[in-house]
2 protein chains.
Amino acid sequence: MIGMSTAPAGRRRGPSKGDLREQAILATARDLLSRKPLDAITIDELAAGAEISRSSFYFYFDSKLAVVVALLHGLAGEVGRDAGPWLDGAGPDEPALRRSLAALAALWRDQGRLLTGALAAAPGCPPIARWRAWLREAHVERLAARIARDRAAGVAPHGPAPRVLAEMIDDLRTAAFAAASDPEGLVDDLVVVELRMIYGVLPAHHAEG
Amino acid sequence: MIGMSTAPAGRRRGPSKGDLREQAILATARDLLSRKPLDAITIDELAAGAEISRSSFYFYFDSKLAVVVALLHGLAGEVGRDAGPWLDGAGPDEPALRRSLAALAALWRDQGRLLTGALAAAPGCPPIARWRAWLREAHVERLAARIARDRAAGVAPHGPAPRVLAEMIDDLRTAAFAAASDPEGLVDDLVVVELRMIYGVLPAHHAEG
DNA sequence: GAAAAACTCGACACTGTGTCGACTCCAGCC
DNA sequence: GGCTGGAGTCGACACAGTGTCGAGTTTTTC
């Protein structure tokens, strides 16, 4: 995940033993999260996976949630991946929206339990709450701006305040992906639904009987 | 909440001491839930509120979540309240949808923490998961049927499978209400958004500039 | 090769949950 | 009146998971 060669090499210090242990904890966490939900994972397991004692774990992280925060930061860049063309564009640009949603769906497929666990832990864990709020805000703000632009251009109908609508879309995405066993199978339907929420029914989707 | 007069009366046994204690536990739970989230409530507090020892609590309920389940069942009737006219009707019947959402919003206003706590506990607590699934299914099924009917009648445009669309609408409601500090303030916007998800933009909401 | 830092761990304290068995209380019955 | 059995009560215990502390060992640095 770090991408460095595994050679500690004699000369020039590579990652210190501590760095390796820290990575081992993170790797163990990722691994366990692929198999069970966050709150079924104990610090014991995390420590065992990194081959250190439970007390040593605390040398590296303050708590289980601190590990989650670290994993989350590793994800920060990926969350908004490919959303640019959609968020910065204008009008019902279906392909751009689909690309944005496809990237998000892939993330939920790979990191679903991490995201689910983080979401569940957010109330009661300020750092995670902040991460979540920051991410959500980034999306909501740009999407709201886009909606306002489209309305001003007469491309989108009036309705709920852009910000409220954007929040609902964000909520819907999160809820739908969190509940789905196959996030990627949801993309096409989400595309249609989001476009409807913003623009109403597009001509191509109209039906007569 | 039980509705009986408070007189234990000399003759004819009223509720037994145990029944009263059970009610006291439920009342304490409701009370605490109005002030803090479920997982900040301990069995100690519940027992103290009912003026019994912690071990005695277990005479009445198997666990904290069993109390939640009991509270939830007390709510079962209210959740779908006033949804009938909307779910059994046809076409974009905005007033009916609004009444249905208003009733739901009132429930979230009064029981938000209970619902939030139950939702969070559902994975990992089969009885709660079943309650949630049953309720959701009841809504989704009727809504999906309604959407299918409207499409067949040419009133609603085609799009995602009725069931999928109904699930998204259910998810959106839950997510929006769970996140809102003022659920009732969301009703009008939800009405517009849900109608759009099903029917597209209605004439009255079109804008030209 | 000695001081400092990085690291490790066992032992402990704490919180919350759930169980067990002994005890009390009270109603109904001989 | 005294007996019995079920309802209700509780203290003591066992357990899991978390987090802390201080005494050790290893590694780095000069």
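Numbers restart at 1 for each chain; the letters A, B, ... are given by sequence-line order, proteins then strands.
Atoms CZ (Phe61(B)) and C1' (dT19(C)) sit 19 Å apart, rounded to a whole Å. At whole-Å resolution of the value, CD1 in Ile25(A) and C1' in dC7(C) are 12 Å apart. Arg21(A) has its CZ atom 7 Å from the P atom of dC9(C), to the nearest Å. The interatomic distance linking Leu38(A) (CG) with dG17(D) (P) rounds to 14 Å, in whole Å. To the nearest angstrom, P of dT18(D) lies 11 Å from CG of Asp39(A). Atom P of nucleotide dA6(C) and atom CD of Glu22(A) are separated by 13 Å, given to the nearest angstrom. dT17(C) atom C1' lies 14 Å from atom CD of Glu45(B), rounded to whole Å. Atom-to-atom, CD1 of Ile43(A) to C1' of dC9(C) comes out at 15 Å; the value is rounded to the nearest Å.
Mapped onto DNA chain C by nearest heavy atom, Glu51(A) and Asp62(B) fall at different nucleotides, with Glu51(A) at the one closer to the 5' end. If Ile41(A) and Ile52(B) are placed on DNA chain D by their nearest nucleotide, the residue sitting closer to the 5' end is Ile52(B).
The residue Phe57(A) sits apart from the nucleic acid: no heavy atom pair falls under 4.0 Å. Counting non-hydrogen atoms under 4.0 angstrom, Tyr60(A) reaches the backbone sugars and phosphates but no base.
Evaluation of atom-type donor-acceptor distances gives a pair under 3.5 Å for the side chain of Arg54(A) against the base of dG19(D). A donor-acceptor contact under 3.5 Å is not formed by the side chain of Ser56(B) with the base of dG8(D). Remark: the Thr42(A) side chain and the dG17(D) base include no donor-acceptor N/O pair separated by less than 3.5 Å.
One finds no side-chain N or O of Ser55(A) lying less than 4.0 angstrom from the OP1 or OP2 phosphate oxygen of dC9(C).
Seen from the ring of Trp86(B), Arg146(B) counts as a face-on cation partner, given the 6.0 Å and 45° thresholds.
Comparing atom distances between the Phe59(A) side chain and each of dA7(D), dC7(C), dG10(C) picks out dC7(C) as nearest.
Within a 6.0 Å sphere centred on CG of Asp88(A), heavy atoms belonging to other residues, nucleotides or ligands number more than 12.
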For Asp188(B) and Arg98(B): C-alpha separation, side-chain torsions, deciding distance, then whether salt bridge (charged side-chain N to carboxylate O under 4.0 Å, His left out) applies. CA-CA 7 Å; Asp188(B) 284 343; Arg98(B) 173 172 286 108; 3.0 Å; yes
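Among residue pairs with one or both ends in residues 112-139 of chain A, those qualifying as salt bridge (charged side-chain N to carboxylate O under 4.0 Å, His left out) are Arg132(A)-Asp170(A), Arg136(A)-Asp170(A), Arg136(A)-Asp171(A), Glu137(A)-Arg163(A); sequence neighbours excluded.
One finds the CZ atom of Arg173(B) at 11.5 Å from the CG atom of Leu186(B) (value rounded to the nearest 0.5 Å).
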